[in-house]
Enquirer: 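Sharing a structure here in structure tokens format.
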There are 2 protein chains.
Amino acid sequence: MNASRTARERVRAELIQEITTIARRQLATEGASGLSLRAVARDMGMVSSAIYRYFPSRDDLLTALIVDGYNAVGEVVERADAACPRDDFTGRWLAVCRAVRDWALAHPHEYALLYGSPVPGYQAPVDTIAPATRDTAVFGAIIAEAHRAGRLSPPPVCPEPPVAIAADAEAVRALMPDVSDDVVARAITIWTGLYGIVNFELFGQFDNVITHRAELFEHNMACLAAFIGLTG
Amino acid sequence: MNASRTARERVRAELIQEITTIARRQLATEGASGLSLRAVARDMGMVSSAIYRYFPSRDDLLTALIVDGYNAVGEVVERADAACPRDDFTGRWLAVCRAVRDWALAHPHEYALLYGSPVPGYQAPVDTIAPATRDTAVFGAIIAEAHRAGRLSPPPVCPEPPVAIAADAEAVRALMPDVSDDVVARAITIWTGLYGIVNFELFGQFDNVITHRAELFEHNMACLAAFIGLTG
DNA sequence: CCATCGCCAAGAGCAGTGCTCTCGGAAGTT
DNA sequence: AACTTCCGAGAGCACTGCTCTTGGCGATGG
């Protein structure tokens with residue numbers, strides 16, 4: 001029957017859920033390299049080989065955690081954006097920046113798994129691509145809507161973008177239609193700038209140098225907003 | 001005698017050198033997590049326990065590689081800067097940016113060890129601090145000398161930096177005397193921006209999105225130079 | 001209702017890891 | 001020549017990811 005089969009499937013799904021939950025807890029305390037299938041099995045009162053019924057390899061478990069992580073940061077970013085007045089574009093940008101940083105500080109090991117050095121030998125499967133673009137889509141929407149509302153006027157400090165990046169810009173424009181190549185390039189600049197400063201804070205480059213990190217971050221993001229020409 | 005003692009010391013130093021060389025080769029091919037003391041020992045025809053006479057733990061070997069890595073990128077940056085006319089500040093900035101990116105692309109695993117996710121449980125000892133600031137010192141010098149030469153005029157796009165970061169700015173000013181808090185904040189922005197884009201390129205965030213990476217990088221760095229007000 | 005098939009936990013086992021300990025020999029010191 | 005120090009070798013511990021086999025339990029089909 002379908003019912004019984006779904007019962008089987010249900011307990012299976014629940015076990016998978018429990019495995020990822022325990023794995024995420026381990027990831028949070030030990031870090032990615034300390035994630036051990038055997039330890040997860042021990043925590044569940046199972047034998048290590050049983051785990052392999054649900055995750056064929058450690059990398060598959062990592063993939064599940066990565067997908068969860070991208071979705072978590074994506075959701076946090078979407079919520080932060082949604083909580084802002086639609087026409088406060090600078091506010092929306094700052095809100096999503098704070099959301100990213102706060103989530104990163106709260107889940108440093110998960111963040112490192114997403115945006116840090118890739119695990120050697122690990123090739124991100126296609127399943128991770130879609131969740132990985134959730135936050136980026138929000139950024140793109142903010143820029144696109146600000147542009148459409150006429151609230152985007154980039155100050156003329158940048159040189160003209162080279163023609164070589166026109167093709168890439170065309171692809172990126174899927175996220176933010178109608179903006180110029182110059183704006184696309186600036187968007188990439190502030191996008192990488194956001195994650196660059198979060199990386200430096202989390203990965204230790206600010207140690208012994210910068211102490212008022214929240215204030216610096218806030219100011220930095222405001223400057224990047226001004227750099228791309230967000231007004232208000 | 002001193003001579004014999006130094007003979008002992010010399011063969012010891014040579015062995016340490018050989019260990020780090022082999023370890024660096026392994027790091028380049030396998031990545032940090034694939035670095036194995038036993039494999040290094042095998043490559044040297046030693047038994048694994050003998051390695052511990054020279055490096056008390058795997059982390060100590062990692063530390064040696066990290067120090068070497070910081071010095072390598074520091075030297076590359078210094079050379080790139082030194083090859084430029086002293087008063088071509090924009091050119092110097094772009095040259096060091098390219099040097100960082102080229103080195104990162106040539107030594108991805110070493111770069112990841114320096115600027116990627118920290119190895120869990122690994123605490124960078126004080127020995128790594130000084131080498132880690134070699135590249136930063138070059139950046140600071142470029143900004144400072146441009147300011148002194150009157151060739152630094154930041155466009156007025158940024159809000160005023162908050163007073164909270166004044167203390168940090170004072171510390172950073174050791175690298176670039178006499179500049180304003182605003183310039184310090186912008187310097188941090190372009191500094192994190194440089195490594196942010198290199199991180200994204202190396203760690204896979206540009207995959208399936210950006211193909212003309214050298215051109216985008218070049219343009220991006222030129223924009224950051226304009227952002228901090230480098231003229232010429 | 002019974003036989004069958006498929007899923008799954010358990011255990012043993014392999015090859016590898018970091019690291020510790022002991023032992024014996026060689027090199028340097030007095 | 002005796003002694004101390006250093007160092008390589010080997011065995012061993014606890015751990016890892018992963019594979020294979022075994023046996024049982026539950027769902028399925030006749």
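Below, chains carry the letters A, B, ... as their sequence lines are ordered, and counting in each starts from 1. Since this is a predicted model, take the numbers as computed values, not measurements.
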Enquirer: Find the distance A:E30:CD to D:dC15:P and express it as a whole number of Å.
Expert: 13 Å
Enquirer: Using a 4.0 Å heavy-atom cut-off, does A:L35 contact any base of the nucleic acid, only the sugar-phosphate backbone, or nothing at all?
Expert: sugar-phosphate
Enquirer: Could you check which of C:dC21, D:dG8, D:dC18 has an atom nearest any side-chain atom of B:S49?
Expert: C:dC21
Enquirer: May I have the distance from B:E14 (atom CD) to D:dC6 (atom C1'), rounded to whole angstrom?
Expert: 17 Å
Enquirer: Using only side-chain N and O atoms of B:S36, determine if any of them is under 4.0 Å from OP1 or OP2 of C:dG18.
Expert: yes
Enquirer: A:L61 CG to D:dT16 P: how many Å, rounded?
Expert: 14 Å
Enquirer: By nearest nucleotide on DNA chain C, pick out whichever of B:R58 and B:R53 is the more 5' one.
Expert: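 That would be B:R58.
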Enquirer: Is it the case that B:R134 places NZ or CZ above or below the six-membered ring of B:Y70, under 6.0 angstrom from the centre and within 45 degrees of the axis?
Expert: no
Enquirer: For the ring pair (Phe, Tyr, Trp, His ring centres under 6.0 Å) test, which of A:F200, A:F206, A:F203 pairs with B:Y195?
Expert: A:F200
Enquirer: D:dG17, D:dT21, C:dC19: which one has an atom nearest the side-chain heavy atoms of B:R38?
Expert: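 The answer is C:dC19.
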Enquirer: Can you tell me the distance, in whole Å, between the CG atom of B:D59 and the P atom of C:dT17?
Expert: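 Taking atom P of C:dT17 as the reference, CG of B:D59 is at 17 Å.
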Enquirer: Atom CG of A:L37 and atom C1' of D:dC15: how far apart are they, to the nearest Å?
Expert: 13 Å
Enquirer: Any side-chain N or O of B:Y52 under 4.0 Å from OP1/OP2 of C:dC21?
Expert: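 Checking C:dC21 against B:Y52, no side-chain N or O comes under 4.0 Å of OP1 or OP2.
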Enquirer: Check every strand shown and say whether A:L15 touches a base, only sugar-phosphate, or nothing at a heavy-atom separation below 4.0 Å.
Expert: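 Since only primed, P, OP1 and OP2 atoms lie under 4.0 Å of A:L15, the category is sugar-phosphate.
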Enquirer: What's the CD1-C1' distance between B:I51 and D:dG10, to the nearest Å?
Expert: 15 Å
Enquirer: Can you check the B:M44 CE to D:dG8 C1' distance for me, whole Å?
Expert: 12 Å
Enquirer: Look at the side chain of A:A39 and decide which nucleotide, out of C:dA10, D:dT16, D:dC18, has an atom nearest to it.
Expert: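 Closest nucleotide to the A:A39 side chain: D:dT16.
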Enquirer: Indicate, with a heavy-atom threshold strictly under 4.0 Å, whether A:Y54 touches base, sugar-phosphate, or nothing.
Expert: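 Sugar-phosphate contact only - A:Y54 comes under 4.0 Å of backbone atoms but never of a base.
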Enquirer: For residues 38-49 of chain A, which side-chain N or O atoms pair as donor and acceptor with protein atoms under 3.5 Å away, sequence neighbours left out?
Expert:
none

Enquirer: Looking at C:dG11, D:dC7, C:dA9, which one has an atom nearest to any side-chain atom of A:V47?
Expert: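 The closest nucleotide is C:dG11.
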Enquirer: Validate the cation-pi geometry between B:R186 and B:F227: distance from NZ or CZ to the six-membered ring centre under 6.0 Å, angle to the ring axis within 45°.
Expert: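 Satisfied, under 6.0 Å and within 45°.
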Enquirer: Rounded to the nearest Å, what distance is computed from the CZ atom of residue B:R10 to the P atom of nucleotide D:dC6?
Expert: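 Nearest whole value for this atom pair: 19 Å.
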Enquirer: Between B:E9 and B:R12 (salt bridge meaning N to carboxylate O under 4.0 Å), is one present in this structure?
Expert: no
Enquirer: Between A:Q26 and A:L37, is there a donor-acceptor pair closer than 3.5 Å when you use the side chain of the first and the backbone of the second?
Expert: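 No, A:Q26 side chain to A:L37 backbone: no donor-acceptor pair under 3.5 Å.
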Enquirer: Closest approach to the side chain of A:S57, judged atom by atom: which nucleotide of D:dC18, D:dG10, C:dG18 is it?
Expert: D:dC18
Enquirer: Under 4.0 Å between a side-chain N/O of A:R12 and OP1 or OP2 of D:dG26, yes or no?
Expert: no
Enquirer: Between C:dG28, C:dA10, D:dG10, which nucleotide has the shortest distance from any of its atoms to the side chain of B:R8?
Expert: C:dG28
